[in-house]
**Q** 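For reference, the structure I am asking about is given below.
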Amino acid sequence: MQLKKVLGGLTAGIAAVGISATAALGGSTVVDGPMKFNPLAGSAYGQESSTWSEPFVVPVGFTQTLVKDETTFDIYGGGVDDLTDMNTVNETGRHAGRYLYRTHEVGSNGAVSVVDLKTGATKILAQNAGYRRLDGIRWTPWGTLLFAEETTGGRVFEASFDPKDPTTATEVKERRALGIMAHEGIEALPDGTVYVIDELTGGGIFKFVPDVRGDLSEGQLYAIKAANTDGTGAFTWISLDRAAVKVDARAEAKKKGASGYERPEDVEFIGSTLYVAITGTDRVVQVDPKGMVVTNFVKAGVNIGVENTTVTPKVTGLNNPDNLAQGPDGQLWIVEDNDFSDIYVAERDKDNDGVADATYLFASLKDKGAEGTGIYFGKDSHTLFVNIQHPDKPLADGTWSITRNDDD
């Protein structure tokens with residue numbers, strides 16, 4: 001394995017003289033592509049604020065714009081955070097890319113809201129007293145919307161739309177065949193396959209294959225069983241009992257010997273590869289469905305730094321990777337659930353060793369009480385959407401866009 005370039009894991013000595021780790025190792029200090037940027041040298045240490053007008057420290061040449069927060073659309077009121085969580089847009093069909101759908105991760109009476117990105121008009125798409133901790137959300141290639149509950153006994157729901165109005169759900173159905181577990185990330189492929197995870201210490205990585213493409217009422221759920229105790233190495237998809245997963249997929253996976261991971265949080269399928277954020281061990285694993293092997297694609301201390309805030313100067317590194325996004329050029333974007341929540345970009349694995357060739361720090365959240373979440377690219381290759389949850393700033397739960405300026 002060749003030496004990997006690292007940015008964000010600055011050693012105290014490098015940080016003290018103001019040199020990025022990438023530059024020190026001879027790598028480029030410019031990340032190319034539609035979101036071309038010069039990486040940050042470190043997290044937002046010393047820039048903490050709860051009165052910000054722009055929430056993130058970002059590279060020169062980018063503009064931060066408020067999409068929607070509680071000052072103009074406050075679902076719960078009374079000082080209760082809306083807990084805006086994950087994002088997707090209507091990726092196909094009528095007015096594709098115009099409508100941004102968001103889950104709200106409250107303990108009960110959860111909601112899915114939709115923002116018209118052209119007019120700013122916002123409404124509730126779905127809300128139910130029984131919805132608990134809504135989290136993952138994904139537009140499907142067959143034109144429906146999946147959203148799920150991140151809690152023990154959590155369910156996946158599928159919303160269908162008025163053919164003339166992507167802001168009106170005509171029907172919402174439970175999809176128990178995808179497993180009862182603590183859902184977060186969801187990925188849906190054109191062939192009908194859906195990937196999900198169980199957000200739990202010891203939770204699994206799952207694949208659902210429907211009996212009929214586009215019909216999630218019945219199908220086969222599988223879980224990864226990998227060779228190594230950390231869930232890496234050669235793996236197989238083990239078949240789970242169809243009836244059992246509709247009651248407790250977690251118990252069924254454990255019974256069948258599936259690999260357990262330390263809080264898998266999100267999934268993203270790019271090209272022919274699945275990526276899964278493993279929050280508890282500060283890594284993102286790569287699942288190669290063709291080679292049938294799991295590797296540590298990004299891991300603190302390997303190709304990204306180990307965070308250390310007990311030293312002076314503080315050392316930036318990967319801590320609690322949470323949500324993932326496919327960048328417009330196919331690179332993997334990662335956001336942390338962490339104080340000074342950071343957004344990283346992982347370069348492709350050009351040498352085919354299962355490990356990202358470099359990692360770069362793109363942004364860092366200044367509100368220490370908040371977390372960035374729901375990173376997502378819609379139809380504009382120059383714009384990243386990101387949500388802010390439970391900030392110290394009042395009425396600031398909401399969605400922002402970070403856009404590369406055309407003249408830079």
**Q** Take V355 and N296 through the test side chain to side chain contact (heavy atoms under 4.5 Å, CB included) and record every step on the way to the result.
**A** CA-CA 6 Å; V355 181; N296 288 317; 5.9 Å; no
**Q** Is it the case that the ring center of W139 lies less than 6.0 angstrom away from the ring center of F161?
**A**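 Yes, the ring of F161 comes within the 6.0 Å limit of the ring of W139, centre to centre.
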**Q** If you measure only the distance, is there a donor-acceptor pair under 3.5 Å linking the side chains of N338 and S341?
**A**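 S341 and N338 do not have a side-chain donor-acceptor pair below 3.5 Å.
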**Q** Mind checking what makes salt bridge (charged side-chain N to carboxylate O under 4.0 Å, His left out) contact with K350, not counting sequence neighbours?
**A**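 With neighbours one apart ignored, the set is E347.
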**Q** Could you check whether any side-chain heavy atom of F206 comes within less than 4.5 Å of a side-chain heavy atom of Y222, counting everything from C-beta outward?
**A**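 No. Closest side-chain heavy atoms not under 4.5 Å.
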**Q** Nearest 0.5 Å, what's the CG-OG1 distance between D349 and T295?
**A**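 Spacing of CG (D349) from OG1 (T295) equals 7.0 Å.
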**Q** Measure up the F37 and W333 rings against each other and bin them: parallel (under 30°), tilted (30 to 60°), perpendicular (over 60°).
**A**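 F37 and W333: tilted rings.
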**Q** Sort and list the pairs that fulfil side chain to side chain donor-acceptor pair (under 3.5 Å) and have at least one residue in residues 73-82, not counting sequence neighbours.
**A**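 Listed once each, the pairs would be none.
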**Q** Stepwise, does the side chain to side chain contact (heavy atoms under 4.5 Å, CB included) test hold for I304 with Y344?
**A** CA-CA 10 Å; I304 195 168; Y344 290 94; 3.7 Å; yes
**Q** For R94, which residues count as a salt bridge (charged side-chain N to carboxylate O under 4.0 Å, His left out) partner, sequence neighbours excluded?
**A**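 Once residues adjacent in sequence are excluded, R94 has no partner under the salt bridge (charged side-chain N to carboxylate O under 4.0 Å, His left out) criterion.
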**Q** Can a donor-acceptor pair be found between the side chains of W400 and T65 at a distance below 3.5 Å?
**A**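 Short answer, no.
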**Q** Taking atom NZ as the centre, does K393 end up with more than 12 heavy-atom neighbours from other residues, nucleotides or ligands that are less than 6.0 angstrom away?
**A**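 Atom NZ in K393 is packed in, count exceeds 12.
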**Q** Taking only residues two or more places apart in sequence or in another chain, which ones pass ring pair (Phe, Tyr, Trp, His ring centres under 6.0 Å) with W237?
**A**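 For W237 the ring pair (Phe, Tyr, Trp, His ring centres under 6.0 Å) partners, ignoring immediate neighbours, are F235.
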**Q** Between R132 and E149, does any NZ, NE, NH1 or NH2 come within less than 4.0 Å of an OD or OE carboxylate oxygen?
**A**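 Yes, E149 and R132 are salt-bridged.
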**Q** What residues, two or more places apart in sequence or in another chain, satisfy side-chain contact (heavy atoms from CB on, under 4.5 Å) together with D191?
**A**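 For D191, the residues satisfying side-chain contact (heavy atoms from CB on, under 4.5 Å) (neighbours in sequence not counted) are L189, T193.
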**Q** The test is side-chain hydrogen bond (donor to acceptor under 3.5 Å, both in side chains); show your working for H183 and E199 and say whether it passes.
**A** CA-CA 6 Å; H183 287 277; E199 197 280 298; over 6 Å; no
**Q** Please round to the nearest 0.5 Å and tell me the distance separating atom OG of S43 and atom CG of L361.
**A**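 Here the interatomic distance stands at 5.5 Å.
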**Q** Heavy-atom distance under 4.5 Å between the side chains of N387 and T373, does that happen here?
**A**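 Side-chain contact under 4.5 Å: yes.
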**Q** Under 3.5 Å, is there a donor-acceptor pair between the side chain of D85 and the main chain of T103?
**A**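 Flag not set: sc D85 to bb T103 has no pair under 3.5 Å.
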**Q** Checking F377 against Q326 for the side chain to side chain contact (heavy atoms under 4.5 Å, CB included) test, could you report, in this order, the C-alpha distance in whole Å, the side-chain angles of both residues, the deciding distance, and whether it holds?
**A** CA-CA 7 Å; F377 286 91; Q326 177 177 341; over 6 Å; no
**Q** How many angstroms lie between OG1 in T122 and CG in L125, if you round to the nearest 0.5 Å?
**A**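 CG of L125 is found 12.0 Å from OG1 of T122.
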**Q** For the residue pair N109 and Q127, establish whether any side-chain heavy-atom pair is separated by less than 4.5 Å.
**A**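 A side-chain contact under 4.5 Å exists here.
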**Q** Could you tell me which residues satisfy side-chain contact (heavy atoms from CB on, under 4.5 Å) with T281, sequence neighbours excluded, listed by chain and number?
**A**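 Counting only residues at least two positions away or on another chain, T281 forms a side-chain contact (heavy atoms from CB on, under 4.5 Å) with E262, I278, R283.
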**Q** For E218, what residues pass the salt bridge (charged side-chain N to carboxylate O under 4.0 Å, His left out) criterion, not counting sequence neighbours?
**A**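 Once residues adjacent in sequence are excluded, the partners of E218 under the salt bridge (charged side-chain N to carboxylate O under 4.0 Å, His left out) criterion are K246.
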**Q** Enter the distance from D337:CG to N323:CG here, rounded to the nearest 0.5 Å.
**A**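 If I round to the nearest 0.5 Å, the distance is 8.5 Å.
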**Q** Can you list everything that forms a ring pair (Phe, Tyr, Trp, His ring centres under 6.0 Å) with F157? Sequence neighbours excluded, please.
**A**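 Y131, F147.
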**Q** Is R250 salt-bridged to E252, going by a charged N under 4.0 Å from an acidic O?
**A**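 Salt bridge: no.
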**Q** Given E158, which partner from the list K173, R176, R175, R138 fulfils the salt bridge (charged side-chain N to carboxylate O under 4.0 Å, His left out) test?
**A**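 When salt bridge (charged side-chain N to carboxylate O under 4.0 Å, His left out) is applied between E158 and each of K173, R176, R175, R138, only R175 qualifies.
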**Q** Please lay out, stage by stage, how V194 and L216 fare under the test side chain to side chain contact (heavy atoms under 4.5 Å, CB included).
**A** CA-CA 9 Å; V194 178; L216 302 183; 4.1 Å; yes
**Q** Going by ring pair (Phe, Tyr, Trp, His ring centres under 6.0 Å), name the residues that satisfy it together with F297, two or more places apart in sequence or in a different chain.
**A**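 F297 satisfies ring pair (Phe, Tyr, Trp, His ring centres under 6.0 Å) with Y275 only.
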**Q** Output, in order, the C-alpha distance, side-chain angles, deciding distance and verdict of side-chain hydrogen bond (donor to acceptor under 3.5 Å, both in side chains) for D162 and T170.
**A** CA-CA 6 Å; D162 182 332; T170 56; over 6 Å; no
**Q** Is the shortest side-chain heavy-atom distance between V284 and V276 below 4.5 Å?
**A**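 No, their side chains stay 4.5 Å or more apart.
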**Q** Mind jotting down which residue pairs meet the side chain to side chain donor-acceptor pair (under 3.5 Å) criterion with at least one end in residues 202-216? Sequence neighbours excluded, please.
**A**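 The answer is D211-R242, D215-S217.
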**Q** Return yes if a side-chain donor-acceptor contact under 3.5 Å exists between T63 and N405, otherwise no.
**A**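 The answer is yes; a qualifying pair exists.
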**Q** Applying salt bridge (charged side-chain N to carboxylate O under 4.0 Å, His left out), can you list everything that pairs with K123, at least two apart in sequence or on another chain?
**A**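 Not a single residue meets the salt bridge (charged side-chain N to carboxylate O under 4.0 Å, His left out) criterion with K123.
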**Q** The criterion is ring pair (Phe, Tyr, Trp, His ring centres under 6.0 Å); which residues satisfy it with Y261, sequence neighbours excluded?
**A**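 Testing Y261 for ring pair (Phe, Tyr, Trp, His ring centres under 6.0 Å), a comparison that skips the adjacent residues, returns none.
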**Q** Under a 4.5 Å cut-off applied to non-hydrogen side-chain atoms, are I137 and L145 in contact?
**A**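 The answer is yes, as the side chains (C-beta and beyond) meet within the 4.5 Å cut-off.
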**Q** Supply the atom-to-atom distance E371 CD to D322 CG, rounded to the nearest 0.5 angstrom.
**A**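 Here the rounded value is 6.0 Å.
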